[in-house]
Amino acid sequence: MAGMRGLSVFISDIRNCQNKEAERLRVDKELGNIRTCFKNEKVLTPYKKKKYVWKMLYIHMLGYDVDFGHMEAVSLISAPKFPEKQVGYIVTSCLLNENHDFLRLAINTVRNDIIGRNETFQCLALTLVGNIGGRDFAESLAPDVQKLLISSSCRPLVRKKAALCLLRLFRKNPDAINADGWADRMAQLLDERDLGVLTSSTSLLVALVSNNHEAYSSCLPKCVNILERLARNQDVPQEYTYYGIPSPWLQVKAMRALQYFPTIEDPNTRKSLFEVLQRILMGTDVVKNVNKNNASHAVLFEALSLVMHLDAEKEMMSQCVALLGKFISVREPNIRYLGLENMTRMLMVTDVQDIIKKHQSQIITSLKDPDISIRRRALDLLYGMCDVSNAKDIVEELLQYLSTAEFSMREELSLKAAILAEKFAPDLSWYVDVILQLIDKAGDFVSDDIWFRVVQFVTNNEDLQPYAASKAREYIDKIAIHETMVKVSAYILGEFGHLLARQPGCSASELFSILHEKLPTVSTPTIPILLSTYAKLLMHTQPPDPELQKKIFAVFKKYESCIDVEIQQRAVEYLELSKKGPTFMDVLAEMPKFPERQSSLIKKAEDVEDTADQSAIKLRAQQQPSNALVLAEPQPVNGAPPALKLPSVNGNTEPQSMARALSQPNGNLNNIDPQIPSPDLLSDLLGPLAIEAPPGAEGVPDEVDGSAIVPVGDQTNTVEVIGNNAERFHALCLKDSGVLYEDPYIQIGIKAEWRGHHGRLVLFLGNKSTSPLTSVQALILPPAHLKLELSPVPDTIPPRAQVQSPLEVMNLRPSRDVAVLDFSYKFGANVVSAKLRIPAVLNKFLQPLQLTSEEFFPQWRAISGPPLKLQEVVRGVRPLALPEMANLFNSFRVTICPGLDPNPNNLVASTTFYSESTGAMLCLARIETDPADRTQLRMTVGSGDPTLTFELKEFIKEQLVSIPVGSRALVPAAPPVAQPPSPAALADDPGALLAGLL
Amino acid sequence: MIHFVLLVSRQGKVRLTKWYSPYTQKERSKVIRELSGVILSRGPKLCNFVEWRGYKVVYKRYASLYFCMCIDEDDNELEVLEIIHHFVEILDRYFGSVCELDLIFHFHKAYYILDELLIAGELQESSKKTVARIISTQDQLVEAAKEEAGSISNIIAQATK
């Protein structure tokens with residue numbers, strides 16, 4: 001250290017800088033100095049290089065951009081001596097992140113160090129890869145690192161680093177470890193005596209089981225053994241106890257790994273584990289020493305999670321609740337925080353609401369804690385435990401808290417209060433009170449949804465109207481009210497203000513003048529609402545009040561030439577209408593009741609809850625599903641994504657606008673020429689298939705997919721496709737043979753057989769014309785999850801001949817991505833090419849399976865919560881009668897098990913999915929439909945693999961949301977005839993509905 | 001997993017950063033700025049956890065220094081809190097009652113030690129003794145190389161006279 005004088009001097013200089021400016025000058029000077037030295041390679045001794053590189057790291061740490069010298073840092077890695085090499089490794093891993101290009105240059109040097117004989121070099125290299133290795137490293141280094149980890153000649157020092165390095169590589173690329181080959185090795189690693197290696201290996205195991213627990217089931221008893229060993233303090237060297245506790249970290253990791261296994265079937269293992277857990281639950285005392293306390297409680301909270309996961313006997317669960325009840329009232333803030341957090345988690349897994357309710361006042365106290373972290377937890381818990389019995393208390397507490405809450409919490413707080421008020425309102429006037437208070441206290445955080453909902457309630461409940469009107473009148477009197485309050489009050493007073501007419505200060509002209517005072521303060525979107533209110537006030541004033549009329553007409557006239565179209569239109573129309581006498585009354589009569597529909601707020605909340613559910617136990621395996629998402633999104637090769645997106649965009653708009661949205665893409669559809677001769681010479685071989693395929697002449701193209709896949713490259717192609725590729729693809733997704741593609745010259749048929757995760761397809765390429773097709777090319781573009789092998793296709797297909805080309809498919813893992821066949825040929829001078837989706841889709845790897853209730857329910861219960869079991873409310877579903885829906889499910893090989901669900905509106909289904917990574921895996925699903933509203937349903941999908949669950953859920957959703965073939969008749973492709981004049985975007989604004997009537 | 005480790009002084013000066021998840025330089029500065037603001041402003045006697053952008057930051061103050069580690073929402077908070085303490089104990093043993101100045105002038109040592117404690121954002125070694133042993137071996141290697149280099153540089157210096 002003494003040798004690094006230059007570095008110490010520099011650090012002192014920096015410390016002596018009086019201000020930021022001086023510091024910057026000093027840093028700039030140093031950077032200039034380093035830059036010059038790096039340029040002059042000759043005088044750059046290894047020592048100097050080392051010193052400069054450290055300075056660079058120091059400057060980087062201070063927050064300055066160091067955009068040069070990375071190369072020098074990386075080059076030190078290949079220095080022959082330890083001191084330089086060490087600096088090179090450490091500084092590189094601090095300065096660069098995994099995406100940096102320079103790292104690629106170092107891969108070879110790093111690999112040489114890893115496979116070399118020098119133990120210290122191995123350690124340095126493994127540390128770098130473990131800390132910043134990316135995908136490139138995973139691909140080239142995983143086998144070497146695995147070797148080190150299991151090598152008997154390596155010292156623990158190297159092996160523990162290898163274990164974590166491998167963990168990193170696995171996170172970057174799950175294919176880096178082949179579960180089949182590795183599972184036994186992993187189990188052996190858990191027998192390790194050295195606790196350092198064992199700790200690292202257990203971390204590795206946690207990542208592996210979170211991805212695929214089945215492959216590693218042999219590790220389950222080993223984890224229990226580890227826990228037993230630690231719990232009995234057997235064979236634990238003194239240096240591995242922490243404040244008297246045998247490695248708390250290892251205990252936590254072992255219990256974490258166990259939480260990824262759905263159940264523990266072996267009764268002996270289960271018994272041993274529960275003994276350990278029982279001992280932890282009962283034997284953890286609060287002690288004086290903070291660190292000992294933290295460590296023992298780290299273990300205790302992990303044990304709690306494990307008990308919750310295993311859904312143990314009621315007795316143990318009630319112990320947990322009792323413990324948590326104790327924790328939320330202790331002084332120690334960490335324990336209180338964790339107590340609240342775990343209580344919220346517990347709400348999600350078991351039915352303990354009543355016990356938790358006993359602690360309500362304690363939890364409310366925590367809502368007033370000085371610590372925002374604790375307040376957040378308390379808010380979440382209160383939200384979770386709220387029901388009809390305690391809604392009033394809880395919501396009032398939330399409202400009270402809203403006035404003092406910091407900004408960062410207000411939005412969440414007001415949304416939660418609004419949701420609870422709506423969900424559990426004991427009476428409606430209370431609900432109106434709550435929402436108006438919300439708007440008053442936190443108007444900025446009250447979304448439009450919230451006040452629309454109040455308007456709907458008030459409109460639909462006559463008893464509520466006078467109350468709401470008088471409340472609105474009260475609020476509008478206040479000075480400086482929030483704009484949202486102006487909107488809601490104006491709307492309510494316009495509709496129901498006349499109910500107050502006899503009360504003082506509530507005559508139409510008084511209401512007008514008080515509302516009109518607000519007009520100069522509001523923004524453009526509020527003005528139309530005020531104009532409607534004025535018109536309504538005018539209409540309700542019988543006999544007409546000429547004074548009021550004059551004032552209001554003046555306002556309308558003023559806005560007649562307003563630049564905003566909405567305002568202008570309303571001003572003009574109201575002015576004209578008001579001259580029409582009785583018609584005016586008709587048009588402006590009270591709004592009819594709103595159709596009962598689910599609150600968009602609650603919808604929102606459910607969406608939030610869906611993710612919140614996940615967040616409780618998520619992230620553990622989220623790497624997987626989220627990868628799948630990322631992979632799936634950037635490749636909208638096929639028509640499926642738009643089919644999926646449409647309903648979510650139009651989720652709550654009216655059917656017409658839905659139809660409109662659907663018919664829009666039709667504009668650019670290719671025309672189908674019915675006259676094209678179709679000499680069906682393939683009929684001998686593919687005869688029945690060709691008939692099954694939709695005859696092209698009929699061709700009303702598929703609304704959803706039609707434009708999405710007209711894959712035939714527009715520029716090169718001069719031939720017309722016969723029929724619709726998308727439609728044929730969808731048909732082939734549900735059956736195993738048929739026509740994939742057809743034009744005047746060629747017909748491509750397909751025939752498939754599926755067994756487990758293997759599939760064998762044969763492509764039949766038939767030349768329909770009397771001249772040869774040349775330059776025939778077929779190329780498969782496989783998605784990452786499929787292994788595809790297409791036998792070569794001959795370059796030329798003779799006239800009227802047919803060639804066959806087998807295609808082998810292997811499914812590696814669950815995914816909804818689709819393989820694409822890039823196909824092209826030459827006919828005369830024309831090049832024709834097409835990109836065709838291959839129907840090797842997820843459902844092809846399903847095997848129908850019907851379960852009895854004895855088989856179904858234990859499995860259903862065994863899959864506990866996200867990410868293995870996911871639930872979602874799906875909207876915009878094509879309405880289907882239940883038997884039709886059952887048929888649909890059966891058609892994609894998810895078998896309906898009739899009679900299992902006691903509720904006749906629900907469907908329960910099961911199937912087996914095959915892929916290389918998952919093996920044969922049971923999948924279960926439950927669909928809960930709403931007989932009153934067939935366009936929405938709730939589905940729950942579960943399986944033993946988080947990715948599979950996610951993919952299958954999305955797959956089913958796609959099927960339900962757009963039933964691709966045969967559903968055409970449901971949506972008339974009618975042109976958008978009767979478009980209401982006001983933009984559809986305003987369709988949810990009650991004011992706009994009103995304007996739409998005109 | 002631990003996404004990053006951050007040591008900040010009470011004045012907001014950064015004393016050590018280590019990133020186990022990929023952050024660009026820009027993101028790193030932003031994270032440091034944001035978190036220093038959140039954590040330094042927290043009063044005493046509050047809990048050691050801060051919820052931040054869907055993650056949790058576990059922190060603990062030792063004299064004038066805040067040790068922070070950012071973890072996933074469902075990670076075990078107390079376990080990480082004790083990793084921090086474990087790290088501090090190892091530093092303490094190495095420097096002999098460590099203070100902020102030790103970490104300022106020997107920040108590279110802190111990096112060496114951290115690399116023996118964590119890899120890939122996971123705990124690598126829970127024995128203080130083992131870590132101390134490894135670090136002292138490394139120090140010896142450096143010293144040995146320095147002596148050797150010293151003699152060689154002497155030779156060169158003489159040769160080029």
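Computed over heavy atoms, backbone and side chain alike; hydrogens, waters and symmetry mates excluded.
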Within 6.0 Å of NZ in B/K60, more than 12 heavy atoms from elsewhere |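 Enclosed.
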Would one find more than 12 heavy atoms of other residues, nucleotides or ligands at under 6.0 Å from atom CZ of A/R155?
->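 Check fails, neighbour count at 12 or below.
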With the side chain counted from C-beta on, respond yes when B/Q25 and A/V66 share a heavy-atom pair under 4.5 Å apart, and no when they do not.
->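 SC-SC contact between B/Q25 and A/V66 ruled out.
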With the side chain counted from C-beta on, respond yes when B/H106 and A/S8 share a heavy-atom pair under 4.5 Å apart, and no when they do not.
->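 Not touching, per the 4.5 Å side-chain cut-off.
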Contacting moiety of [X], where chain A heavy atoms sit under 4.5 Å:
X      : result
B/F49  : both
B/R15  : both
B/I119 : both
B/L101 : side chain
B/I104 : both
B/Y112 : both
B/K26  : neither
B/E89  : side chain

Once you round to the nearest 0.5 Å, how far does [atom1] of [X] lie from [atom2] of [Y]?
X      : Y      : atom1 : atom2 : answer
B/S127 : A/Y240 : OG    : OH    : 4.5 Å
A/M61  : B/L16  : CE    : CG    : 6.0 Å
B/L141 : A/Q86  : CG    : CD    : 8.5 Å
B/N76  : A/Q251 : CG    : CD    : 11.0 Å
A/L62  : B/S29  : CG    : OG    : 11.0 Å
B/L118 : A/L164 : CG    : CG    : 9.0 Å

[Y] versus [X], side-chain donor and acceptor atoms under 3.5 Å:
X      : Y      : value
B/E82  : A/Y243 : no
A/E98  : B/Y20  : no
B/Q124 : A/T199 : no

What option among [options] has the most heavy-atom pairs under 4.5 Å with chain A?
options                      : answer
B/T17, B/T24, B/V14, B/N48   : B/N48
B/R133, B/K129, B/R42, B/K45 : B/R42
B/K13, B/Q138, B/R33         : B/Q138
B/I83, B/D75, B/I134         : B/I83

Do you know which two heavy atoms are closest between [X] and [Y], and how far apart they sit?
X      : Y      : result
B/E51  : A/Y337 : OE2-OH, 2.7 Å
B/A120 : A/R171 : O-NH1, 3.1 Å
A/L96  : B/R28  : O-NH2, 3.8 Å
B/V142 : A/F82  : CG2-CE2, 3.8 Å
B/L123 : A/S200 : O-OG, 4.2 Å

Does [X] reach the main-chain N or O of [Y] with its side chain, forming a donor-acceptor pair under 3.5 Å?
X      : Y     : value
A/W249 : B/E79 : yes
A/N334 : B/C47 : no
A/D371 : B/L46 : no

Option in [options] with maximal non-hydrogen atom pairs under 4.5 Å from chain B:
options               : result
A/R336, A/R15, A/H297 : A/R15
A/E332, A/R168, A/H60 : A/H60
A/L157, A/L57, A/T120 : A/L57
A/I374, A/V87, A/D65  : A/D65

With a 4.5 angstrom heavy-atom cut-off, is it the side chain or the backbone of [X] that approaches chain B, or both, or neither?
X      : answer
A/L7   : side chain
A/T241 : neither
A/E341 : side chain
A/L195 : neither
A/N99  : side chain
A/R331 : neither
A/S247 : side chain
A/F10  : neither

Lys/Arg N to Asp/Glu carboxylate O, [X] vs [Y], below 4.0 Å:
X      : Y      : answer
B/D74  : A/R345 : no
A/K160 : B/E116 : no
B/E122 : A/K253 : yes
A/K161 : B/E125 : no

Criterion side-chain contact (heavy atoms from CB on, under 4.5 Å) against B/D115, the qualifying member of A/L128, A/L124, A/I90 =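 Output: one option passes, namely A/I90.
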So A/Y58 and B/F107, would you call those rings parallel, tilted or perpendicular, with 30° and 60° as cut-offs?
->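 Geometry flag for B/F107 against A/Y58: tilted rings.
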A/Y242 vs B/H86 aromatic rings, parallel, tilted or perpendicular, using cut-offs 30° and 60°?
->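 Perpendicular, since the angle between the ring planes exceeds 60°.
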Give the intermediate values and the outcome of side-chain contact (heavy atoms from CB on, under 4.5 Å) for residues B/F105 and A/S12.
-> CA-CA 8 Å; B/F105 283 99; A/S12 298; 3.4 Å; yes
So A/V91 and B/H108, side-chain contact (heavy atoms from CB on, under 4.5 Å) or not? Walk me through it.
-> CA-CA 9 Å; A/V91 176; B/H108 44 310; over 6 Å; no
For A/S373 and B/K56, what are the C-alpha separation, side-chain angles and deciding distance, and is it a side-chain contact (heavy atoms from CB on, under 4.5 Å)?
-> CA-CA 10 Å; A/S373 299; B/K56 279 189 181 159; over 6 Å; no
Under the side-chain contact (heavy atoms from CB on, under 4.5 Å) rule, what do A/F301 and B/L78 come out as? Steps first, then yes or no, please.
-> CA-CA 9 Å; A/F301 277 109; B/L78 288 175; 4.0 Å; yes
